[in-house]
Amino acid sequence: MNPVQELHNLLEELIIEAIEACREEGRLDYQQLPDFVIEVPREKGHGDFACNIAMLLAREARMAPRKIAETIVTMINSKSHFQIEKIEVAGPGFINIFLNNSWLYDIPVLIAELEDRYGYNPRLGQRVQVEFVSANPTGNLHMGNARGGAIGDTLANILDRAGYDVQREFYINDAGNQIEIFTDSLETRYLQLNGHDLPFPEDGYAGQDVVETVKRIIRHYGKQLLDMSSEERRKILLDYALEEKVKYIRKTLENFGVNYEVWFSEKTLHKTGKIDEVVNYLQEKGYVYKEEDALWFKSTLFGDEKDEVIMRANGIPTYFAADIAYHKDKFERGFDWVINVWGADHHGHVARMKGAMEALGYDPDKLDILLMQLVRLYRGGNIVRMSKRTGTTVSLDELIEEVGRDAARYFFVMRSPDSHLDFDLELAKQQNQENPVYYVQYAHARICSIFRQAEAAGVRMSGIAEIDPSLLQEEEELALLRKIADFPEEISVAARTMAPQRIARYVLELAGLFHSFYNHHRVLCQDQRLQNARLLLMHVTRITIKNSLKVLGVSSPERM
RNA sequence: GCGCCCGUAGCUCAGUUGGAUAGAGCAACGGUUUCCUAAACCGUGGGCCGGGGGUUCGAGUCCCUCCGGGCGCACCA
């Protein structure tokens, strides 16, 4: 259910019918209807909806836009429409439509019926996959991964509400060059801790967590790995470390409210020969050439700045080759839409990844890469320097520990992915209106409190059928209703534009309208009929706040 | 040097496929509590939407150019 969309469609039909009728009567002359817009004007005085068709038609119809608008309006007015209060021509030729409130009063009844399902648009029968975080299983989850987790999961939730069948996926980079280096680090640490005096690899993983992992391995295996061949030893070290790391990543993300349907192992692509397969295929198609013993993919054919190596001179495929095979696999699984959430530092890969899909015969427009800018951590006014070298990096676990899951989830999505995110740890912990999470959660708790008060006073909301929502006439009540009615459309736009920050903003505005209502009017009052209508309003406000927060992965406390 | 992102109120940021008089929160200033949570609300001030050019009936939004900031430009991922 999407009431705003339904109204929109209704008005669109109405206008098209009117225009066509005008043409038939010879009042308007045009060949084809232009792509006009029916939008919600910024200015309240411009009506509930406004249409720009007259301006777009002016040239072809050889008429002044206002004149055209008047012709259309006259035609529409010749029939009566029960939902339209008035319709007028304004400004350069806008058609402004003012509705009566009858549609608004249907909303709370519908929501009370739908409850948790309010916000869901009709099923589209389309499958979309969202791949996000996909952190290397060689270290802790950092702030970039955290933002990716919040954005990816929220986007997946939005797409679900928008009507898609969504699958969340984590790509485990458990093969390739970084894993070799990781294994070198593990082996060196193992030997060092067993008394061998060895230099640590220059580009190795020097973090303390690797040492801790190796210590656990020693506790488990003792010195028996010393007697093995390096190959055997490395396999055991790596398998143990990977299992531990992946388990840790999964646990941290679950703790963050992120749950994946699929954990996809890069290693399987190597094992099953899918990488060689796709490289050979591209070679046969002539998209690959050899230079200095390496194989290069002609990504410049697809608008990339330069070609990219897919097979090194030593015969080992690059990360890019594995990624092509991986994305080919995604499309083979039949998704209608494939979305990756990447850090902005990977933006250089977008063109060649899409190019590779095109070379394989897939529609590159079905692959969207959502790039997100980096995160800067602040504590009060001071930036928290994040350096892996000095070990001052803050991990996702530590962040959740410090500010809580709710604040972390909300803060990571409240800005556009395109914007750098300044994450203020102090603000995230504050319990006042400066902190948007608390502001919204407080609104929910306040509504719960009203119902507790009501119950204590022996008051219960009547059955829906006995409530008359049209008693809600106050400005604050209508504004709140209007905002509540927007929710499904807000979801729909957020899905279309891949913009999770819209929901964070939406629920903040919704909470603001509630607080404003609360401070102007009493729910529990002498007038039984009005009290019932307001209890219903509170009921559906609570549902909408809760459903919005659910999309963001933020809890809705009943008291605070 | 080339490419991508960003530049909007003192600060942090919104701003559907171009729409009418550019918004919110915080900060500043002033007010609200015999009343369901003052963890809240109401009001006031604050802007050449980085500069310049162009397209359009109409540009914060699209194009060009310049300036400033971030990121990338490996047989790393």
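Side-chain atoms are counted along with the backbone in the values below, which use heavy atoms only and exclude waters and symmetry mates. In what follows, chains are A, B, ... by sequence order, proteins preceding strands, each numbered from 1.
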**Request:** Counting heavy atoms from C-beta on, name the nucleotide in B:A39, B:A14, B:C75 closest to the side chain of A:Ser419.
**Result:** B:A14
Distance, rounded to the nearest Å, where [X] contributes [atom1] and [N] contributes [atom2]:
{"X": "A:Met560", "N": "B:A40", "atom1": "CE", "atom2": "P", "value": "10 Å"}
{"X": "A:Glu291", "N": "B:C75", "atom1": "CD", "atom2": "P", "value": "11 Å"}
{"X": "A:Ile68", "N": "B:C57", "atom1": "CD1", "atom2": "C1'", "value": "11 Å"}
{"X": "A:Asp424", "N": "B:C26", "atom1": "CG", "atom2": "P", "value": "15 Å"}
{"X": "A:Arg59", "N": "B:G58", "atom1": "CZ", "atom2": "P", "value": "10 Å"}
{"X": "A:Leu370", "N": "B:C4", "atom1": "CG", "atom2": "C1'", "value": "14 Å"}
{"X": "A:Ile181", "N": "B:A77", "atom1": "CD1", "atom2": "C1'", "value": "9 Å"}
{"X": "A:Asn435", "N": "B:C11", "atom1": "CG", "atom2": "C1'", "value": "17 Å"}

**Message:** Between A:Phe94 and A:Cys51, is there a side-chain heavy-atom distance shorter than 4.5 Å?
**Reply:** no
**Message:** Working note: A:Glu169 + A:Tyr326, criterion side-chain hydrogen bond (donor to acceptor under 3.5 Å, both in side chains); need CA distance, chi angles, decisive distance, verdict.
**Reply:** CA-CA 12 Å; A:Glu169 184 154 318; A:Tyr326 176 43; 2.7 Å; yes
**Item:** Cation-pi, A:Phe423 ring and A:Arg379 (6.0 angstrom, 45 degrees)
**Value:** no
**Prompt:** Is A:Lys298 positioned over the aromatic face of A:Tyr287, cation under 6.0 angstrom from the ring centre and no more than 45 degrees off axis?
**Reply:** no
**Asked** Where each residue is assigned the nucleotide of RNA chain B containing its nearest heavy atom, which of A:Leu421 and A:Phe517 is assigned the position nearer the 5′ end?
**Response** A:Leu421
**Prompt:** Toward the 5' end of RNA chain B, which comes first, A:Arg505 or A:Leu374, by nearest nucleotide?
**Reply:**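 Closer to the 5' end of RNA chain B: A:Arg505.
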Rounded to whole angstrom, note down the [atom1] distance from [N] over to [M].
{"N": "B:C48", "M": "B:C42", "atom1": "C1'", "answer": "32 Å"}
{"N": "B:G58", "M": "B:G72", "atom1": "C1'", "answer": "37 Å"}
{"N": "B:A74", "M": "B:C62", "atom1": "C1'", "answer": "36 Å"}
{"N": "B:C75", "M": "B:G69", "atom1": "P", "answer": "29 Å"}
{"N": "B:G43", "M": "B:C6", "atom1": "P", "answer": "33 Å"}
{"N": "B:C4", "M": "B:U12", "atom1": "P", "answer": "26 Å"}
{"N": "B:G30", "M": "B:A14", "atom1": "C1'", "answer": "27 Å"}
{"N": "B:U61", "M": "B:U33", "atom1": "P", "answer": "46 Å"}

Is the backbone of [Y] close enough, under 3.5 Å, to the side chain of [X] for a donor and an acceptor to pair up by distance?
{"X": "A:Gln531", "Y": "A:Cys525", "result": "yes"}
{"X": "A:Ser134", "Y": "A:Tyr171", "result": "yes"}
{"X": "A:Asp307", "Y": "A:Ser299", "result": "yes"}
{"X": "A:Ser185", "Y": "A:Gly204", "result": "no"}

**Prompt:** Does the distance from a Lys or Arg side-chain N to an Asp or Glu carboxylate O, for A:Lys354 and A:Asp304, drop under 4.0 Å?
**Reply:**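 Looking at A:Lys354 and A:Asp304, the cut-off is not met.
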**Complete:** Readout for nucleotides 15-22 of chain B: B = base within 4.0 Å of protein heavy atom, S = sugar-phosphate only, - = neither; 5' to 3' it is SBB-BBS-
**Request:** For RNA chain B, write out the stems as range with range, using runs of 3 or more consecutive Watson-Crick or G-U pairs with both distances under 3.5 Å.
**Result:** B:1-7 with B:67-73, B:10-13 with B:23-26, B:28-32 with B:40-44, B:50-54 with B:62-66
Check nucleotides 41-44 of chain B against the protein and report each pair of N or O atoms closer than 3.5 Å, with its distance, or say if there are none.
from: B:C41; atom 1: OP1; to: A:Tyr439; atom 2: OH; distance (Å): 2.3
from: B:C41; atom 1: OP2; to: A:Gln433; atom 2: OE1; distance (Å): 3.0
from: B:C41; atom 1: O4'; to: A:Asn519; atom 2: ND2; distance (Å): 2.9
from: B:C42; atom 1: OP1; to: A:Ser516; atom 2: OG; distance (Å): 3.0

Which part of the nucleic acid, if any, lies within contact of [X], taking any heavy atom under 4.0 Å across all strands shown: a base, the sugar-phosphate backbone alone, or nothing?
{"X": "A:Glu434", "answer": "sugar-phosphate"}
{"X": "A:His444", "answer": "nothing"}
{"X": "A:Ala344", "answer": "sugar-phosphate"}
{"X": "A:Ser449", "answer": "base"}

So, taking the atom named [atom1] in [X] and the one named [atom2] in [Y], what distance separates them when rounded to the nearest 0.5 Å?
{"X": "A:Ile467", "Y": "A:Arg534", "atom1": "CD1", "atom2": "CZ", "answer": "13.5 Å"}
{"X": "A:Asp486", "Y": "A:Glu509", "atom1": "CG", "atom2": "CD", "answer": "9.5 Å"}
{"X": "A:Lys86", "Y": "A:Asn96", "atom1": "NZ", "atom2": "CG", "answer": "9.0 Å"}

**Request:** Can you check whether any acceptor in the base of B:G72 is under 3.5 Å from a donor in the side chain of A:His346, or vice versa?
**Result:**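 No pair found.
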**Prompt:** If you take all heavy atoms of A:Tyr438 and A:Ala428, which pair is closest and at what distance?
**Reply:** CE1-O, 4.3 Å
**Asked** Do any pairs count as a salt bridge (Lys or Arg N to Asp or Glu O under 4.0 Å) and have a residue in residues 426-447 of chain A, sequence neighbours left out, and if so which ones?
**Response**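 Qualifying pairs: A:Glu402-A:Lys429.
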**Request:** Scan residues 134-152 of chain A for pairs that pass salt bridge (Lys or Arg N to Asp or Glu O under 4.0 Å), counting only residues two or more places apart or in two chains.
**Result:**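 Listed by first then second residue: nothing to list.
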**A:Gln178 and A:Asn136 side chains, donor-acceptor separation under 3.5 Å** = no
**Prompt:** Which ones in residues 532-543 of chain A lie close to RNA chain B, meaning a heavy atom under 4.0 Å from one of its atoms?
**Reply:** none
